[in-house]
Amino acid sequence: MVNYIEWATDWSKELMRVCKRGAVVAVFSSTRTLAHIQIALENAGFYARDVLVYRRHSGIPKGLNIEKKLDKIGDTNAQQWQGWHTCLRNEWEAIVIVQKPLKNNYIETIQMTGLGPFKAILSDGSFQSNILEGFSKGRDENFDEHCTIKPLSLIRKLLELFLPQDNSHIVLDPFAGTGTTLIAALELGYQTIGIEIEDQYINIIQQRLGEYFGKIGQEFEVFD
């Protein structure tokens, strides 16, 4: 994991360099690697704010069923291991939340960059939980080429939670995948920048952006 933390620290430092004071960074991570991601971000100068739980549907674990494995190799004690497995069913994903240090305090930071606080009070007056659930992908959001596509509604929720609606703000996604963050940002009126190195994902991003701009009657041009 040392190399993983070093790699994550490298791109975290670049995020630190380009972010405004008070900017929030949200990183999706597995339950096994969230601590390493948080360490990398803190190494770069961010400070930890929270870990959100994105509760989602999950299938059967891919680990080892001990009883079945022992039975297969003829172990006479196999039955005593009934119910034992090498992992649990994982039905949540971590979203590590860190923030670029404020300028002295929240008020000074808001006055300087327009960032810092969270939109924590919901429309019904209740307080936003750090458990996010009830989000699902639409029919047009399933791309077989990518294994960790997030629902557009979930990304919209994160943007609304951490970023005031001001078109002077820029949403940056350095691992753009299939472009969900870019689409969500555009729909909410933000400027956005996405970075992706996989050609198959870039093609999907271009397709989705073309469809988005087509719906609003604007031309979309790709430059190689």
Next on the checklist: Hydrophobic clustering (ILVMFWY, side-chain heavy atoms < 4.5 Å, transitive) - are Phe135 and Leu161 grouped together?
Outcome noted: yes
Item to check | Trp7 side chain reached by Ser12 side chain, heavy atoms, under 4.5 Å | outcome: no
Checklist entry - Heavy atoms, side chains only, cut-off 4.5 Å: are Leu132 and Leu158 in contact? => result yes
Item to check | Test: Glu93 and Lys150 ion pair at under 4.0 Å | outcome: yes
Item to check | Derivation and outcome, side chain to side chain contact (heavy atoms under 4.5 Å, CB included), residues Trp92 and Ile131 | outcome: CA-CA 9 Å; Trp92 71 279; Ile131 298 177; over 6 Å; no
Item to check | side chain to side chain contact (heavy atoms under 4.5 Å, CB included) against Gln80, all qualifying residues, sequence neighbours excluded | outcome: Asn77
Next on the checklist: Run the side chain to side chain contact (heavy atoms under 4.5 Å, CB included) test on Leu41 and Thr9 for me, step by step, so that the C-alpha distance in whole Å, both residues' side-chain angles and the decisive distance to 0.1 Å come before the verdict.
Outcome noted: CA-CA 6 Å; Leu41 289 160; Thr9 300; over 6 Å; no
Item to check | Donor on one side chain, acceptor on other, Lys157 and Gln128, under 3.5 Å | outcome: yes
Item to check | Verify same cluster id: Ile193, Met16 (apolar side-chain graph, 4.5 Å) | outcome: yes
Checklist entry - Side chains of Leu209 and Leu186: closer than 4.5 Å at any heavy-atom pair? => result yes
Checklist entry - Which side-chain hydrogen bond (donor to acceptor under 3.5 Å, both in side chains) pairs, counting each pair once, include a residue from residues 28-46, with sequence neighbours left out? => result Ser29-Thr33, Ser30-Thr33
Item to check | Pair Tyr190-Asn167, side chain to side chain contact (heavy atoms under 4.5 Å, CB included): steps then yes or no | outcome: CA-CA 5 Å; Tyr190 303 114; Asn167 62 12; over 6 Å; no
Checklist entry - With side chains defined as the heavy atoms from C-beta onward, is the minimum distance between Asp50 and Phe118 less than 4.5 Å? => result no
Checklist outcome for this item: Taken to the nearest 0.5 Å, the spacing of Thr109 OG1 from Asn104 CG works out to 7.5 Å
Item to check | Heavy-atom check, side chain of Ile97 versus side chain of Val25, under 4.5 Å | outcome: no
Checklist entry - Do Glu67 and Lys69 meet the salt-bridge criterion of a basic N to acidic O distance under 4.0 Å? => result no
Item to check | For Leu88, the rest of its hydrophobic cluster, which grows through side-chain links under 4.5 angstrom | outcome: none
Item to check | Point-to-point distance, once rounded to the nearest 0.5 Å, from CG of Leu188 to CG of Leu163 | outcome: 9.0 Å
Checklist entry - Going only through I, L, V, M, F, W and Y residues with side-chain contacts under 4.5 Å, is there a path from Ile155 to Leu172? => result no
Checklist entry - Going by heavy atoms in the side chains, are Leu154 and Tyr54 under 4.5 Å from each other? => result yes
Next on the checklist: Please check: side-chain N/O of Thr113 versus main-chain N/O of Arg21, any donor-acceptor pairing under 3.5 Å?
Outcome noted: yes
Item to check | CA sep, side-chain torsions, deciding dist, call: Ile37, Tyr4, side chain to side chain contact (heavy atoms under 4.5 Å, CB included) | outcome: CA-CA 9 Å; Ile37 286 294; Tyr4 181 75; 3.4 Å; yes
Checklist entry - Under a single-linkage rule joining Ile, Leu, Val, Met, Phe, Trp and Tyr whose side-chain heavy atoms are separated by less than 4.5 Å, which residues share a cluster with Ile39? => result Ile5
Item to check | Spacing of CE belonging to Met112 relative to CG belonging to Leu102, to within rounding of 0.5 Å | outcome: 9.0 Å
Checklist outcome for this item: Residues at least two apart in sequence or cross-chain that pass side chain to side chain donor-acceptor pair (under 3.5 Å) with Arg17, listed by chain then number, are Glu14
Checklist outcome for this item: Residues at least two apart in sequence or cross-chain that pass ring pair (Phe, Tyr, Trp, His ring centres under 6.0 Å) with Tyr47, listed by chain then number, are none
Checklist outcome for this item: When rounded to the nearest 0.5 Å, the distance separating OG1 of Thr180 from CD1 of Ile183 is 8.0 Å
Checklist entry - How about Leu159 and Val171: do any of their side-chain heavy atoms sit closer than 4.5 Å? => result yes
Item to check | Atom pair OG1/NZ of Thr86 and Lys62 - distance to nearest 0.5 Å | outcome: 13.0 Å
Checklist entry - Quick one: OG1 on Thr178 to CD1 on Ile149, what's the gap to the nearest 0.5 Å? => result 4.5 Å
Item to check | Same apolar cluster (I L V M F W Y, side chains within < 4.5 Å links), Phe28/Val96 | outcome: no
Checklist entry - More than 12 non-hydrogen atoms from neighbouring residues, nucleotides or ligands closer than 6.0 Å to NZ on Lys13, yes or no? => result no
Next on the checklist: Does Leu122, at its CG atom, have more than 12 non-hydrogen atoms belonging to other residues, nucleotides or ligands within less than 6.0 Å?
Outcome noted: yes
Checklist entry - Is Glu196 reaching over with its side chain to a backbone N or O of Glu198, donor-acceptor style, under 3.5 angstrom? => result yes
Next on the checklist: Do Val24 and Val18 sit in one hydrophobic cluster, given that two such residues count as connected whenever their side-chain heavy atoms are within less than 4.5 Å of each other, even indirectly?
Outcome noted: no
Checklist entry - Do Arg156 and Glu187 sit within salt-bridge range, that is, some charged N less than 4.0 Å from a carboxylate O? => result yes
Item to check | From CA spacing to verdict: salt bridge (charged side-chain N to carboxylate O under 4.0 Å, His left out), Arg55, Glu91 | outcome: CA-CA 6 Å; Arg55 189 172 185 180; Glu91 56 180 75; 2.9 Å; yes
Checklist entry - In terms of side-chain geometry, is the basic nitrogen of Lys119 or Glu160 positioned less than 4.0 Å from the acidic oxygen of its partner? => result no
